[in-house]
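Residue numbering restarts at 1 for every chain, and letters A, B, ... go by the order of the sequence lines. Computation of the quantities below employed the complete heavy-atom set of this structure, encompassing side-chain atoms and omitting hydrogens, waters and symmetry-equivalent molecules.
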There are 4 protein chains.
Amino acid sequence: MDTKTYSEHIPAPGSLKERQRQERVELILQTAEAVLAEKGYYEMSMDEIAARVGIAKGTIYLHFPSKEDLFVALFKRGLLSFLEGIRQVAGQPLPARDRLKLILVQAYGDQRKKQSQIFMSVFSGGNLRRETIEKQFSMREYFKKLADYISKILEDGKAAGEFDDSIPTLVMLTAFLALLNRPHYEELLGENLLSAEDLANQVGRVYFHGISGK
Amino acid sequence: MDTKTYSEHIPAPGSLKERQRQERVELILQTAEAVLAEKGYYEMSMDEIAARVGIAKGTIYLHFPSKEDLFVALFKRGLLSFLEGIRQVAGQPLPARDRLKLILVQAYGDQRKKQSQIFMSVFSGGNLRRETIEKQFSMREYFKKLADYISKILEDGKAAGEFDDSIPTLVMLTAFLALLNRPHYEELLGENLLSAEDLANQVGRVYFHGISGK
Amino acid sequence: MDTKTYSEHIPAPGSLKERQRQERVELILQTAEAVLAEKGYYEMSMDEIAARVGIAKGTIYLHFPSKEDLFVALFKRGLLSFLEGIRQVAGQPLPARDRLKLILVQAYGDQRKKQSQIFMSVFSGGNLRRETIEKQFSMREYFKKLADYISKILEDGKAAGEFDDSIPTLVMLTAFLALLNRPHYEELLGENLLSAEDLANQVGRVYFHGISGK
Amino acid sequence: MDTKTYSEHIPAPGSLKERQRQERVELILQTAEAVLAEKGYYEMSMDEIAARVGIAKGTIYLHFPSKEDLFVALFKRGLLSFLEGIRQVAGQPLPARDRLKLILVQAYGDQRKKQSQIFMSVFSGGNLRRETIEKQFSMREYFKKLADYISKILEDGKAAGEFDDSIPTLVMLTAFLALLNRPHYEELLGENLLSAEDLANQVGRVYFHGISGK
DNA sequence: GATGAATGAGCATTCATTCAT
DNA sequence: CATGAATGAATGCTCATTCAT
């Protein structure tokens, strides 16, 4: 333990104060999210976040003990949000392939969910900050969950005769995970970016049927 | 302008001086590559590079006007190396699917080619440093080439009856590009990382035949 | 001006309110004393004091306009406490040398009197915070008193034939004052710290008889 | 080991570069010494030191890895300087009491030696920064030396019949060490501060003969 | 050309103090 | 009166970049 908080106030959960605090924290998180998305971890400065929120720098430190902690909070939020999306999809009474497609859609964009995006980008961003995150909470457990949700869908699909049960689930999973990163290539190649849905459809089509001729 | 060194004095191309300069530049690039791979852009310091090369910090600035320029040089190198790998594969007298699998292998690892790795990691690392790079040279042109090589293979495949010619090449291409990022999930989920080849096989299998039952 | 609280409203001296205020102030002083003794001025934080007392940080500022003022109040308290100890000793019907020895004991330790300790430590701590203190109240007057008490004892001793009256009282005083600082050397050199009394005895012996052979 | 120096340059001991470096370091030390003496550790800022020296802040960090290190260097310097003074005095062919008096003079002032002063003030300044110092080098060993030099003189004195050999040397030493701190009382009490020599004479007189009447 | 000491803008973090509730 | 969230000036430290030698 390193923190030197002396005043550990535990306010009533529903009180006005507490609600205001929550709002403040939310505002900071949203702003930081935007800055992080724009500039990345190293170029996101506490000064800028504070300025954009319209508060003093010190105020951020009232809610997050350090830049790293703020970042981890952001990442965790993204991860949980992403996971929650998947959980909901996984439980829906739809054919396995439709569920998978919905997951692709979520991963590819769904602009409403910048949170997921943050998660995805950090996530796929190589070794960037991984160490930092690990120090604070175990991602493994959450990734296990993620993998479990997807594996479950895949197995549902096999059971329902939708998917070829001669292919090991793990292989299917691996390929699917590889597809989750939205390719950055597009921005570079092309004029018009595909919508999350269109992209998911194209990718999904291949995922399900492959490209081979008969 | 494409050259990144800014020596005003252009020595005779084959002279001793010039050869030594080239070696020096090469040494810097290789070292920086290693550091970049280990620590990422922001934690790669000019001091460390200089120390590892065994030259003075100022000397780096004789060859690269800034850290960003050095980075861009590195990235470009990686991109060209990757592209060259693809060009070679594309030209080989192999079935299209084998050629595609070789490309996957190259993207997924091929530890001998740290250069490609650098390229891939930066590349898939979200917005990281993209701006910077764009300022210096147009990636678009190179990506166009990359896409062209792959599209060519896909069309070869269609012509040879290997691939389903009712699927637009662009769709195939999009899905293939989405697969090029090696998923980071592995490290998190699992015990044993797959070799580049194994991973390419699994992913390739799905890419070619899909996961659907008949 | 000597009072350090700046409440504009002066309540009836014996009222309940006033008594509670006094208690509050006393509690703050005691706590601050402890923190100051433990951590020193710069590492004593208003947050910690408030937390230890169990009040809000702002409340401290109701009674002390600034950290410096709080410190000065503490110092003054220590000084007065030390002075009071000396006053009591000075008035006792004991041989001069016994009274001096008691003063040494008080200066060297007397663990019960943390207040005196605070005073002594700040006091002997070089220039530390002197300016600050001077801005707020004149120590000179109190030191004059301190010197007067001791000089009086020394002169009592001369009159009683205990001390050599060919030595100017001022010289005796100077040497005595020099001895009042407990040497920190001990902690560094040695195993077992002497008790305040043992140290006073040894130092006193030399003070009274010197170290010369006959 | 924590340092991240990459370029560990080992220059020729007598080279011009090296001499310049020494001068620079010396200048920083002297300036820092002055600031430390004026303001104490916590209010000595790296900015101020740099400004006074007329260099950039970063330059200080070229020579001292942190503020703490700078401080420790300063303290060590003071300690060694003080010790060296004592060593020289201890070896002189003078009566023991004259040697002790010289040591008092040195401790009390000798304005030329601000270094010793720094040492003395930190030293007597309570717990201030002790921890910090200990982390970096063992003071104990040096204090042992200091105590040894003085003990040696005391025993010389006993052997020569100057001092009463019925008093344990340790007692003599303890009292002497207690006298080493120049009393701060003076500044407060009096108009005219005594010169280091006058003070040493007065204190010495009492130390040698005590204040008792016959 | 090399060198590496010097630079200084930039950044995370702390904490005494204020003031709206 | 009491509170404690908010403030923001201050500070230690880093590191890409420059330039005199």
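Between B:Ser45 and F:dC15, a side-chain N or O to OP1/OP2 separation shorter than 4.0 Å is absent. For the OP1/OP2 pair of F:dA16 and a distance below 4.0 Å, the side-chain nitrogens and oxygens of B:Ser66 include no atom meeting the criterion. In this model, the phosphate group of E:dT3 is approached by a side-chain N or O of B:Thr59 to a distance below 4.0 Å at OP1 or OP2.
What separates OH of A:Tyr42 from P of F:dA16 is a distance of 12 Å, to the nearest Å. Across the protein-nucleic acid pair, C:Gln20 atom CD and F:dC1 atom P stand 10 Å apart, rounded to whole Å. Rounded to an integer number of Å, the gap from CZ of C:Phe64 to C1' of E:dT18 is 18 Å. Rounded to whole Å, the distance from CD on B:Glu48 to P on F:dC15 is 10 Å. Rounded to an integer number of Å, the gap from B:Ile28 CD1 to E:dA2 P is 9 Å. The nearest whole Å value for the distance from the CD1 atom in A:Ile60 to the C1' atom in E:dT14 is 14 Å.
In the set E:dT13, E:dA2, F:dT17, E:dA2 carries the atom at the smallest distance from any side-chain atom of B:Arg24. Nearest to the side-chain atoms of D:Asp47 among the listed nucleotides F:dG12, E:dT17, F:dT17 stands F:dG12. Taking only side-chain atoms of B:Ile55, from C-beta outward, the nucleotide of F:dC1, E:dT3, F:dA6 with the closest atom is E:dT3. For D:Tyr61, the side-chain atoms get nearest to F:dT14 when compared with the rest of E:dA6, F:dG8, F:dT14. Here E:dA2 is the nucleotide among E:dA2, E:dA12, E:dT7 with the atom lying nearest to any side-chain atom of B:Leu62.
Mapping A:Met46 and D:His63 onto DNA chain E by nearest heavy atom places D:His63 at the nucleotide closer to the 5' end. Comparing B:Lys67 and C:Ala56 against DNA chain F, the residue whose closest nucleotide sits nearer the 5' end is C:Ala56.
The aromatic rings of C:Phe71 and C:Tyr41 sit perpendicular to each other, their planes meeting at more than 60°, with 30° as the lower class boundary.
Base engagement by A:Lys57 is indicated by at least one non-hydrogen atom pair under 4.0 Å involving a base atom.
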